[in-house]
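These notes concern the structure reproduced below.
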Amino acid sequence: MANFSKSTVPQFSVEVYQNEYLPEGGREVNAIVTVTSTGGGTTGRRSLTGAPAATALPGQGPNAAVVIMVDCSGSMDYPPTKMRNARDATSAAIDTLRDGVAFAVVAGTHVAKEVYPGNGALAVADAATRAEAKNALRRLSAGGGTAIGTWLGLTDRLLSSADVSIRHGILLTDGRNEHETPEDLRAALDACAGRFTCDARGVGTDWVVKEVTGIASAMLGTADIVADPAGLAADFTEMMENAMGKEVADVALRLWTPVGVEIKFVKQVAPTVEELTERRTQANTRAGDYPTGSWGDESRDYHVCVQVPEAGVGQEMLAARVSLILPAADGTSQVLSQGLVRAVWTDDMVASTSINPQVAHYTGQAELAQVIQQGLEARKSGDFDGATAKLGRAVQLAADSGNADTAKLLSKVVDVVDAATGTVRLKAKVADADEMTLETRSTKTVRVKK
């Protein structure tokens with residue numbers, strides 16, 4: 001649980017975008033909830049790498065612990081530069097740690113081993129411990145299998161020994177999780193979820209996208225591909241900078257609904273699509289909490305959809321109340337900000353049939369992520385007609401929403417004949433890295449144009 005005083009909590013704001021007007025008998029209410037955190041991110045101080053580094057809030061002191069998990073399975077030796085790049089990347093991440101942050105390095109194979117500092121402990125970052133940790137990285141060598149659940153379990157034990165609010169892991173793998181069952185990995189993720197956040201990276205093209213993205217999703221972190229191992233150092237530096245920018249953890253999105261209102265779904269829609277509906281924990285009789293992880297200076301969007309009872313023209317009701325909640329160690333909680341979702345029944349057809357621009361945009365972005373994944377799955381299974389249809393729809397949605405990054409990735413997999421109509425042809429040959437990059441980044445969205 002977080003242990004911040006009110007004076008050190010970043011400022012949160014909640015904005016609700018919706019069309020509250022429903023036709024007579026209308027029941028579905030959609031709203032985009034924009035949550036913004038300010039005052040808790042990076043400052044002008046620079047890290048040892050020369051990039052901006054986060055500092056603690058005034059009077060707070062470092063309040064974070066980080067464990068870096070490095071894949072050391074046998075495949076990391078093919079090519080040999082992969083292991084060297086992984087060591088260099090870990091070294092760069094260690095350089096980016098701010099003074100006072102607790103940290104450790106874990107080597108992952110079919111078992112998990114502590115590389116630094118050892119003995120089940122965490123080191124405290126300063127010039128001496130950074131140098132010791134980087135020296136210890138020289139002992140990393142490739143050999144053995146892959147059992148990621150054991151890496152996560154050791155990381156959890158190490159992080160739980162720290163009396164801090166922000167607990168974070170960085171995980172690198174280059175292969176399939178072959179030395180434990182999917183059920184073992186799932187059990188490890190279930191055990192660790194909510195205890196720390198974790199960013200996951202796949203290096204090369206021999207790993208499984210759904211494994212890496214599944215780890216990041218369960219742990220409320222980010223997932224990405226680093227197809228060329230030479231890019232690892234820059235990616236690790238950026239990940240650690242982001243981790244150092246987090247200032248408050250365990251923030252929950254609390255949704256209160258009155259009697260008769262049913263929740264259809266709750267999902268994050270920016271900066272990535274993340275389904276949260278099934279992660280609800282009951283807060284009280286009418287309210288439930290959805291986890292959002294750790295926050296720095298940033299803004300995220302959430303799509304809330306509820307079903308209200310039927311009502312006649314002229315009636316109105318509070319359909320839902322959205323609050324940002326910060327739990328405290330003593331069992332109490334602090335409301336950081338809140339917004340209201342309303343329903344108003346009208347016989348004005350123009351008002352009741354108008355779609356809110358934010359709702360329309362993110363509905364399209366969620367569909368974009370879905371059709372990319374469906375299209376790639378169809379392509380892998382040999383259903384080329386289905387793949388063409390789904391990926392054509394993806395091209396159309398990416399063009400409509402201005403998602404240029406996703407459009408560029410799609411162009412590596414299909415030849416675009418007409419983006420406006422979604423007319424495409426599947427490319428005869430697609431590089432593994434291009435297909436995996438599209439799949440890994442399919443959930444990344446663009447913000448609605450205000």
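Note that the structure is a prediction, hence the values are computed from the model and not measured.
For the pair Ile148 and Leu171, the minimum side-chain heavy-atom distance is below 4.5 Å. Lys246 places a side-chain heavy atom less than 4.5 Å from the side chain of Glu298. Residues Asp301 and Gln268 fail the side-chain proximity criterion, which asks for heavy atoms closer than 4.5 Å. Under the 4.5 Å side-chain criterion, counting only non-hydrogen atoms from C-beta, Thr173 is in contact with Val212. In this structure, Leu391 and Leu410 have side chains that are in contact, with non-hydrogen atoms separated by less than 4.5 Å. Between Ser91 and Arg130, every side-chain heavy-atom pair lies at or beyond the 4.5 Å cut-off. When side chains are defined from C-beta on, Asp95 counts as touching Lys134, because their heavy atoms get closer than 4.5 Å. When side chains are defined from C-beta on, Thr445 does not count as touching Val269, because their heavy atoms never get closer than 4.5 Å.
Between Asp289 and Ala283 the shortest heavy-atom distance is OD1-CB, 3.8 Å. Across all their heavy atoms, Val67 and Val106 have their closest contact at CG1-CG2, 3.8 Å. Across every non-hydrogen atom of Gly386 and Ala378, the tightest pair is C-CB, 4.1 Å. Taking all atoms of both residues into account, the shortest heavy-atom contact from Asn85 to Ala230 is OD1-N, 3.7 Å. Taking all atoms of both residues into account, the shortest heavy-atom contact from Ile170 to Met239 is CG2-CE, 3.6 Å. Pairing each heavy atom of Gly120 with each of Ser161, the nearest pair is O-OG, 4.5 Å.
Here the NE2-CZ distance, from His168 to Phe103, works out to 15.5 Å after rounding to the nearest 0.5 Å. Met69 contributes atom CE, which lies 10.0 Å from atom CG of Leu158 (distance to the nearest 0.5 angstrom). A distance of 8.5 Å separates CD in Glu114 from CZ in Arg157, rounded to the nearest 0.5 Å. A distance of 7.5 Å separates OG in Ser141 from CE in Met83, rounded to the nearest 0.5 Å. How far SG of Cys192 is from CG of Leu152: 5.0 Å, rounded to the nearest 0.5 Å. Here OG1 of Thr213 is found 11.5 Å from CD1 of Ile225. Values are rounded to the nearest 0.5 Å.
For Lys82, the NZ atom counts as densely surrounded, since its 6.0 Å shell holds more than 12 non-hydrogen atoms of other residues, nucleotides or ligands. Under a cut-off of 6.0 angstrom, the local environment of NZ in Lys113 is sparse, with at most 12 non-hydrogen atoms contributed by other residues, nucleotides or ligands. Heavy atoms from other residues, nucleotides or ligands lying under 6.0 Å from CD of Glu180 number more than 12. Within a 6.0 Å sphere centred on CD of Glu278, heavy atoms belonging to other residues, nucleotides or ligands number 12 at most.
Checking side-chain atoms of Thr332 against main-chain N and O of Ala328 turns up no donor-acceptor pair under 3.5 Å. In this structure a side-chain-to-backbone donor-acceptor pair under 3.5 Å is missing from Gln334 to Leu336. In terms of modelled atom types and a separation under 3.5 Å, the side chain of Gln11 and the main chain of Ser13 share no donor-acceptor contact. Remark: side-chain polar atoms of Asn356 are paired, donor with acceptor, to backbone N or O of Val359 under 3.5 angstrom. Counting only distance, with no hydrogens or angles, the side chain of Asp228 and the backbone of Gly231 share no donor-acceptor pair below 3.5 Å. Counting only distance, with no hydrogens or angles, the side chain of Asp184 and the backbone of Thr181 share a donor-acceptor pair below 3.5 Å. Side-chain atoms of His179 never come within 3.5 Å of backbone atoms of Gly144 as a donor-acceptor pair (strictly under, hydrogens ignored). Remark: the backbone N or O of Ile325 is not paired with any side-chain donor or acceptor of Ser323 at under 3.5 angstrom. Looking at Arg321, its side chain never comes within 3.5 Å of a backbone N or O of Thr257 through a donor-acceptor pair.
Applying the side-chain hydrogen bond (donor to acceptor under 3.5 Å, both in side chains) test to Thr146 and every residue at least two apart in sequence or in another chain returns nothing.
With respect to the salt-bridge test (charged N to carboxylate O, under 4.0 angstrom), the residues Glu377 and Lys210 qualify. The existence of a salt bridge linking Arg186 and Asp190 is confirmed by a sub-4.0 Å separation between a basic side-chain nitrogen and an acidic carboxylate oxygen. Salt-bridge check for Glu241 with Arg98: failed, with every basic side-chain N at 4.0 Å or more from each acidic carboxylate O. Using a 4.0 Å cut-off between charged side-chain N and carboxylate O, Asp224 and Lys444 make a salt bridge. In summary, Asp156 and Arg167 do not engage in a salt bridge, as defined by a charged side-chain N under 4.0 Å from a carboxylate O. Salt bridge status for Arg176 with Asp206: absent, with no side-chain N to carboxylate O gap under 4.0 Å.
For Asp434 and Thr437, the side-chain atoms include no donor-acceptor pair closer than 3.5 Å. Between the side chains of Glu15 and Thr34, not a single donor N or O lies within less than 3.5 Å of an accepting N or O. A side-chain donor-acceptor contact under 3.5 Å links Glu28 and Asn30. Thr272 and Glu274 share no donor-acceptor pair across their side chains, judged by distance under 3.5 Å alone.
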>> Walk me through whether Tyr116 and Thr129 qualify under side-chain contact (heavy atoms from CB on, under 4.5 Å).
In response: CA-CA 9 Å; Tyr116 182 83; Thr129 56; 3.5 Å; yes

> Can you list the steps and then say if Lys380 with Glu439 is a salt bridge (charged side-chain N to carboxylate O under 4.0 Å, His left out)?
Replying inline: CA-CA 12 Å; Lys380 291 174 189 174; Glu439 184 178 358; 3.0 Å; yes

>> For a side-chain contact (heavy atoms from CB on, under 4.5 Å) check, start with the C-alpha distance between Val101 and Val124, then their side-chain angles and the critical distance, and finish with the verdict.
In response: CA-CA 6 Å; Val101 169; Val124 176; over 6 Å; no

> Can you check side-chain hydrogen bond (donor to acceptor under 3.5 Å, both in side chains) on Asp71 and Ser73, steps first, answer last?
Replying inline: CA-CA 6 Å; Asp71 191 336; Ser73 61; 2.7 Å; yes

> Could you go step by step and tell me if Asp199 and Thr222 meet the side-chain hydrogen bond (donor to acceptor under 3.5 Å, both in side chains) rule?
Replying inline: CA-CA 5 Å; Asp199 294 324; Thr222 65; 2.9 Å; yes

>> Working note: Trp207 + Met436, criterion side-chain contact (heavy atoms from CB on, under 4.5 Å); need CA distance, chi angles, decisive distance, verdict.
In response: CA-CA 9 Å; Trp207 49 280; Met436 292 175 72; 3.5 Å; yes

> Should Val446 and Gln365 be marked as a side-chain contact (heavy atoms from CB on, under 4.5 Å) after you check the CA-CA gap, both sets of side-chain angles, and the distance that decides it?
Replying inline: CA-CA 8 Å; Val446 290; Gln365 292 289 285; 3.6 Å; yes

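Using bins of under 30°, 30° to 60° and over 60° for the plane-to-plane angle, the ring pair His303/Phe265 lands in the perpendicular bin.
A cation-pi contact links Arg300 to Trp295, judged by a cut-off of 6.0 Å to the six-membered ring centre and 45° from its axis. Cation-pi geometry between Arg286 and Trp256 is not met at under 6.0 angstrom from the ring centre and within 45 degrees of the axis.
Two rings, from Tyr290 and Tyr302, have their centers 6.0 Å or more apart.
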